[in-house]
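Along the sequence shown, residues carry numbers from 1.
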Amino acid sequence: MTFRRKLLAIFALTVFVSVGAVAWLVLALTRNAFEKNEEQRRAALITQFQREFKRRGEEVAARTEAIANSEAVSRMAAALNGATSGNSANSAEYFELAKSIAESHQLDFLEFLDWRGIIISSAQWPAKFGYSETAFESLSSSSGQGAFLKREELQDFTGLGLFAVQATGASEHPLYVIGGRRLDKDFLSALDLPADMRVLLYQNRSEHFSPDSLLDPSGSGNGADAARPADKLAPLIESVLRNNQEMSGTVSWSSDPADEEMFHAIPLRGAVSKDRPANDQPLLAILLVGNSRRSYVELKRRIGESALLAGGGGIIVAMLLSSWAAARVTRPVEQLARAARDIGAGHWDTRVEVRGSDEVAQLAESFNRMTAELVAQKERLVQTERVAAWRELARRLAHELKNPLFPLQLTVENLMRARAQSPEQFDEVFRESSSSLLAEISNLKTIIGRFSEFSRMPHPQLQALQVNEVVRGVVKLFQAQLQAPGREPIACRLELDENLETIAADPDLLHRALSNLVLNAMDAMPSGGTLTLRTRRDGGNAIIEVSDTGTGMTSEECERIFTPYYTSKQHGTGLGLAIVQSVVSDHGGRISVQSEPGRGTTFVIELPGNLEALPKTPTSKHAGQFSDRNI
């Protein structure tokens with residue numbers, strides 16, 4: 001990945017993480033604020049409901065007490081007490097009394113019961129005259145205790161209302177007045193609801209959920225409208241009925257999250273007996289306090305859209321900033337890279353333009369100073385190498401020439417001593433000395449020829465060449481020496497890649513280089529071994545490996561093995577591997593060595609295909625220039 005892309009990725013990631021973190025924090029704070037506000041509004045609404053419930057209950061109790069203390073009810077109680085016990089004939093004249101009194105005192109429910117619980121008159125259901133009221137365990141204990149919630153069976157349906165019981169007349173056989181008002185949509189509509197909140201009342205008429213039992217003051221009747229079916233509330237209501245406790249839940253009216261409502265369900269219980277615990281009282285209804293999540297969802301959407309907008313804008317700004325910063329940084333770096341490549345190619349006069357005074361400019365100045373120092377050091381190194389090369393050459397020549405010069409001196413001294421003696425003895429010494437002189441002079445010519453040959457290495461004459469053919473030719477040349485009598489045999493193994501492509505190379509120079517490597521391998525295996533020559537392809541390059549199982553070399557020897565005049569043999573000029581390296585280098589290739597003491601040595605030659613360098617017309621060859629293959 002380029003520096004520009006890395007910088008863009010870093011900027012974009014920073015913007016993304018920052019915007020995401022801020023958006024998440026804002027959403028978390030918003031959610032907490034909405035939940036806290038929802039809890040407060042729900043508590044306020046429940047408090048308002050309880051306050052209205054209490055106010056209506058006190059009103060019902062007051063009106064019921066007023067009816068019980070009225071003159072008409074007192075006369076009715078006195079008349080009933082004066083009648084014979086069990087005789088109800090006198091109560092028939094009060095059949096319509098409850099209805100008229102209920103209308104005058106604005107009560108929805110009103111019944112008169114004698115001390116046995118027999119209904120004397122009923123405003124809500126006159127046909128109940130003469131029946132017993134079974135909703136109370138004890139009328140006397142319910143009298144005067146205040147308003148309570150009670151389910152009332154009517155002719156066509158079951159109603160729910162706030163009721164109060166008052167006793168009047170004689171203490172031994174009192175008359176009971178039961179008055180009440182409906183707990184219906186009108187009661188719910190009287191509540192002052194905050195925005196986005198509503199109240200529903202579910203009347204518990206059966207063991208299972210019934211949509212007709214749900215009162216919604218915002219709807220046209222029982223249940224919910226078509227857009228909000230009451231069945232959506234069934235799981236929450238059934239859960240409250242099953243667990244008999246307050247519960248909360250979210251209701252999704254559609255696939256749009258903005259239509260969701262959070263409902264808090266509160267059980268409403270009747271007061272049948274003061275002796276029962278509150279949880280044992282019958283569950284008559286469930287108050288549902290709903291809070292719309294539309295404002296929260298819309299705000300959440302706006303926050304998300306704002307985050308996306310900010311993130312998108314931030315990423316665009318990050319792209320611009322990264323492009324500007326990358327251009328400001330990478331352009332000088334690219335110039336430095338190009339300058340470094342130029343210096344690597346040998347253009348030592350390369351310089352980098354310095355702009356500004358920042359770190360990149362300081363780097364450019366340092367690069368220019370380094371280049372100048374490298375040029376100066378290169379010049380000093382070249383001079384030092386030249387002096388060292390001449391000194392080494394002089395030392396090697398002196399060493400090589402001193403060996404034949406000493407026998408020449410002895411031979412001349414012998415001739416001079418023989419000249420002073422008899423002519424016969426001189427003739428005999430002269431013949432022997434002449435042979436010695438000619439032999440040593442021949443050695444001198446050989447030494448001078450070898451050094452002269454290394455100094456005038458010819459340039460390769462490239463032609464299309466099959467590497468495998470050259471390898472087979474070298475093996476064929478040395479086949480007899482590998483199995484020569486008087487020495488341990490050396491096994492030769494060929495591992496040639498037959499699919500190796502043709503390359504551009506000089507066959508004579510390559511043949512000579514491989515011959516030198518084979519000779520070195522044979523010298524490294526005086527006790528016999530295995531010589532392996534293998535070829536393979538690596539991309540567009542040809543790889544030649546020459547391996548032996550000889551004595552091997554140390555790492556220090558591997559580092560100096562290609563140095564001219566360096567040799568580990570007793571008899572040798574140290575030019576063989578230097579010539580091999582020169583041949584490979586002139587072909588644009590590389591040579592390396594891998595060796596360990598006692599485990600053999602492998603020379604690896606890598607030659608490029610370089611077919612585009614072939615001459616268009618045939619050129620004369622320098623065949624025969626390297627007839628000596630023992631250097």
Side-chain angles (χ1 to χ4, degrees), residues 26-57 149 160-162 181-204 209-241 243 245-269 283-303:
V26 171
L27 286 175
L29 294 176
T30 303
R31 182 175 60 254
N32 293 336
F34 265 86
E35 290 177 353
K36 185 177 180 180
N37 182 54
E38 178 183 337
E39 181 67 26
Q40 292 175 350
R41 295 201 303 171
R42 183 171 63 243
L45 183 58
I46 293 174
T47 301
Q48 183 186 171
F49 174 82
Q50 293 172 345
R51 187 167 55 248
E52 182 66 16
F53 189 89
K54 182 179 179 181
R55 188 188 68 80
R56 292 279 182 108
L149 192 64
L160 189 66
L162 281 171
R181 294 190 63 182
R182 294 180 186 273
L183 191 64
D184 54 9
K185 293 193 295 183
D186 294 336
F187 175 83
L188 300 178
S189 300
L191 298 177
D192 185 14
L193 300 178
D196 298 332
M197 292 191 72
R198 62 178 180 146
V199 176
L200 288 77
L201 185 66
Y202 177 77
Q203 301 180 30
N204 185 22
F209 174 79
S210 174
D212 295 334
S213 299
L214 185 65
L215 298 180
D216 185 0
S218 62
S220 58
N222 290 354
D225 54 25
R228 296 182 176 182
D231 292 338
K232 294 281 188 178
L233 294 168
L236 178 60
I237 293 175
E238 290 180 349
S239 179
V240 174
L241 295 175
N243 297 300
Q245 62 181 3
E246 294 186 14
M247 302 193 74
S248 297
T250 302
V251 178
S252 300
W253 300 111
S254 67
S255 59
D256 187 2
D259 291 335
E260 293 181 355
E261 272 188 287
M262 175 65 73
F263 279 94
H264 187 74
I266 305 171
L268 300 180
R269 310 177 190 280
L283 196 157
L284 303 181
I286 299 175
L287 181 68
L288 299 170
V289 180
N291 188 3
S292 175
R293 295 174 58 86
R294 179 172 296 276
S295 57
Y296 168 70
V297 173
E298 290 179 352
L299 180 59
K300 183 179 178 180
R301 287 175 177 172
R302 286 195 292 269
I303 292 174

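Here the side chains of Arg42 and Asn291 are not in contact, with every heavy-atom distance at 4.5 Å or above. For the pair Leu201/Leu183, a side-chain contact is recorded, criterion being any heavy-atom separation below 4.5 Å from C-beta on. The closest side-chain heavy-atom distance from Leu241 to Leu283 is below 4.5 Å. Pro211 is listed as a side-chain neighbour of Asp231, based on a closest heavy-atom distance under 4.5 Å. Using a 4.5 Å heavy-atom cutoff, the side chains of Ser295 and Phe34 are in contact. Leu162 places none of its side-chain heavy atoms less than 4.5 Å from the side chain of Arg182. No side-chain heavy atom of Val251 sits under 4.5 Å from any side-chain heavy atom of Glu260.
Between Leu149 and Leu284 the shortest heavy-atom distance is O-CD1, 3.3 Å. Counting all heavy atoms, side chain and backbone alike, Val297 lies closest to Pro257 at CG2-O, 3.5 Å. Closest approach of Ala234 and Phe209 over heavy atoms only: CB-CD2, 3.6 Å. Across all their heavy atoms, Pro267 and Glu246 have their closest contact at CD-CG, 3.6 Å. When all heavy atoms are compared, the tightest approach of Leu188 to Leu287 is CD2-CD1, 4.4 Å. Across every non-hydrogen atom of Arg41 and Pro194, the tightest pair is NH1-CB, 3.9 Å.
With Ile286 as the partner, the side chain to side chain contact (heavy atoms under 4.5 Å, CB included) test is satisfied by one option alone out of Leu233, Leu236, Val240, Leu268: Val240.
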inquiry  = Using salt bridge (charged side-chain N to carboxylate O under 4.0 Å, His left out), reason through Arg294 and Asp259 one step at a time and then give a plain yes or no.
reply    = CA-CA 6 Å; Arg294 179 172 296 276; Asp259 291 335; 2.2 Å; yes
query = Can you list the steps and then say if Glu261 with Trp253 is a side chain to side chain donor-acceptor pair (under 3.5 Å)?
reply = CA-CA 8 Å; Glu261 272 188 287; Trp253 300 111; 2.7 Å; yes
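With rounding to the nearest 0.5 angstrom, the NZ atom of Lys232 is 8.0 Å from the OG atom of Ser254. One finds the CZ atom of Arg51 at 7.0 Å from the OG1 atom of Thr47 (value rounded to the nearest 0.5 Å). One distance of note links CG of Leu200 with CZ of Phe263; it measures 5.5 Å at 0.5 Å rounding. Here the straight-line distance linking atom CD of Glu38 with atom OH of Tyr296 works out to 10.5 Å at 0.5 Å rounding. In this structure, Leu160 CG and Asp184 CG are separated by 9.5 Å, a value rounded to the nearest 0.5 Å. Note: Arg31 CZ to Ile303 CD1 = 10.5 Å, rounded to the nearest 0.5 Å.
Side chain of Ser189 to main chain of Lys185: a donor-acceptor pair is present (N/O by atom type, distance under 3.5 Å, no hydrogens or angles). The closest donor-acceptor contact from the side chain of Asn37 to the backbone of Ala33 lies at 3.5 Å or more, if one exists at all. Counting only distance, with no hydrogens or angles, the side chain of Tyr202 and the backbone of Ala265 share no donor-acceptor pair below 3.5 Å.
A salt bridge links Arg198 with Asp216: the closest approach of a Lys/Arg side-chain nitrogen to an acidic carboxylate oxygen falls below 4.0 angstrom. Salt-bridge check for Arg55 with Glu52: passed, with a basic side-chain N closer than 4.0 Å to an acidic carboxylate O. The residues Asp256 and Arg301 are annotated as salt-bridged, a charged nitrogen and a carboxylate oxygen being separated by less than 4.0 angstrom.
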